[in-house]
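Presented below is the structure to which this report refers.
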There are 2 protein chains.
Amino acid sequence: MTGSKLIHVQRGNEIYAAGEEAAALYKVCSGAVILFMILEDGRRQIIDLAGPGDLLHFDLDGELDHFAEALTETELAVFDGASALGDPDFLPFFLEQTRARLAMDRRHITMLGRKTAQERLADFLECVSECLGSAPGEIDLPMTRQQIADYLGLTLETVSRIFARWVREGRLVQVAPGQYELPGYGLNRVGAAIKVSALLAA
Amino acid sequence: MTGSKLIHVQRGNEIYAAGEEAAALYKVCSGAVILFMILEDGRRQIIDLAGPGDLLHFDLDGELDHFAEALTETELAVFDGASALGDPDFLPFFLEQTRARLAMDRRHITMLGRKTAQERLADFLECVSECLGSAPGEIDLPMTRQQIADYLGLTLETVSRIFARWVREGRLVQVAPGQYELPGYGLNRVGAAIKVSALLAA
DNA sequence: CGATTTTTTGATTTCAATCAATGTTGGTGG
DNA sequence: CCACCAACATTGATTGAAATCAAAAAATCG
């Protein structure tokens, strides 16, 4: 990336805050980032997860309307958006990123508006396994119950209960803290997608 | 718009469907459009409202993932996105539109994930009064209860009950079918924004 | 190892969904 | 013009999924 500099952010640290002037664009090189909004009374909603290759926001000026925080130790390329858009190589990447982010957000809206707690968590695990890319059938979850709940529009207790139920019913195996596995996945490793539907089956 | 043609769509008619190849971009000239997704079992979520000046989608190729339908009689400019992006006047407009749409979607996510039914409806009325621009303090609502519910992630009964309660409590006045007014608005017409907070006050 | 954070689990409540009529409105044709 | 019909909206009774309240248990960290 021309004219970019690299920064490191530790787990849990803020990258930018709502209200800050949008001065730079950020691209994730390694690690994972959560983007979120906070209501006046403290209610929090995580908007998006960003992994390697993703841009965090697309604002070239004005105030940012959301917060960004490192979920794990994260390396970011920081650069000036206005000048980068002059680069003919950068523009298609920028457009594709915004398009992809809009598609993610549309899915997120549909999930929050119309899906049950269990469906949301299943969708989320599928999304995480793609997005933060672990081996197929395995899920690497560097998030607390509260963070998952804030992404899904639920409470941490509800998230905890659903995990507990799936593990109790043998639909999900916890191999380590923050690491889960879908049992019997070896049998149907047809594609890359995790068969999260198995989590919901009656 | 260079190389564009105008089309008319009647209220309730489909503009495009999910699964269609993204061949053209659409800009609303007059009227209003809803964008929505439908789950396999028929649950529907309205993603966005588009009014005059708005682009409906931003996909230059690939399959569209959502539906677009005219809410009122609508006039649309249809044009080729790929060639329009070559136009140096068009690019900034396109970028600003995607940015604005992302901001709307983030607010929508936060609303669906973290707000109560009443807060959602109040937010929605505020959004509609800006977006489909009626006079300040007045709200023009060309949508059925079901459509409002599908935007807010609620049922039509819940939406109906909240309207009924606000009208009963004198927080909202129905001047005509689909037309509401905030009473006492003349006193605080400080800015352009409707004081929806009055709807929620204890 | 102690202290703090995070997670689990249980009991109870609550908001909105669901189920079920009834009432309105607007368009159409007699 | 009015009667009829089909959408659309309201209202009530009841249920239900997830939130809230409240401890205990487990994991993480210095």
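Quick note on labels: first sequence line is chain A, next is B, and so on, each numbered from 1.
Within 4.0 Å of A/G153, counting heavy atoms only, lie sugar-phosphate atoms of the nucleic acid but no base atom. If you check every strand for non-hydrogen atoms under 4.0 Å, B/L154 touches sugar and phosphate atoms only. Residue contacts for B/G12: at a heavy-atom cut-off of 4.0 Å it reaches no nucleic acid atom on any strand shown.
Just one residue in the list A/F94, A/Y16, A/F67 forms a ring pair (Phe, Tyr, Trp, His ring centres under 6.0 Å) with A/H57, and that residue is A/Y16.
Atom CZ in A/F163 sits roughly 19 Å away from atom P in D/dA26 (whole-Å rounding). Atom CD of B/Q179 and atom P of C/dT25 are 15 Å apart (whole Å). Atom P of nucleotide D/dA19 and atom CD of B/E119 are separated by 15 Å, given to the nearest angstrom. One can place CG of B/D150 at 14 Å from C1' of D/dC8, the figure rounded to the nearest angstrom. If you take CG of B/L121 and P of D/dA9, they are 13 Å apart, rounded to a whole angstrom. B/I162 has its CD1 atom 14 Å from the P atom of D/dT11, to the nearest Å. Going from atom CZ of B/R11 over to atom C1' of D/dC8 covers 10 Å, rounded to whole Å. Look at CZ on A/R165: it is 14 Å from P on C/dT8, rounded to the nearest Å.
The side chain of A/T155 has D/dT20 as its nearest neighbour among D/dC8, D/dT20, C/dA17.
Mapping A/A117 and A/P177 onto DNA chain D by nearest heavy atom places A/A117 at the nucleotide closer to the 5' end. Toward the 5′ end of DNA chain C lies the nearest nucleotide of A/L156, the other residue of the pair A/L156 and A/R114 mapping further downstream.
Between A/E119 and B/R43 a salt bridge is recorded (basic side-chain N to carboxylate O distance below 4.0 Å). Looking at A/D54 and A/K27, no side-chain N of the basic residue comes within less than 4.0 Å of a carboxylate O on the acidic one, giving no salt bridge. At a threshold of 4.0 Å, the pair B/D105-A/R106 does not count as salt-bridged, since none of the basic side-chain nitrogens sits closer than that to a carboxylate oxygen.
Contact annotation: side chain of B/E157 to base of C/dC19, donor-acceptor pair present below 3.5 Å. Judged by distance alone with a 3.5 Å cut-off, a donor-acceptor contact links the side chain of A/R161 to the base of D/dT20. For D/dT11, the base has no donor-acceptor partner in the side chain of B/R145 [N/O atoms by modelled type, under 3.5 angstrom].
The side chain of B/S160 contributes an N or O atom lying less than 4.0 Å from OP1 or OP2 of D/dT10.
A cation-pi contact, defined as under 6.0 Å to the ring centre and within 45° of the axis, is absent between B/R99 and A/F58.
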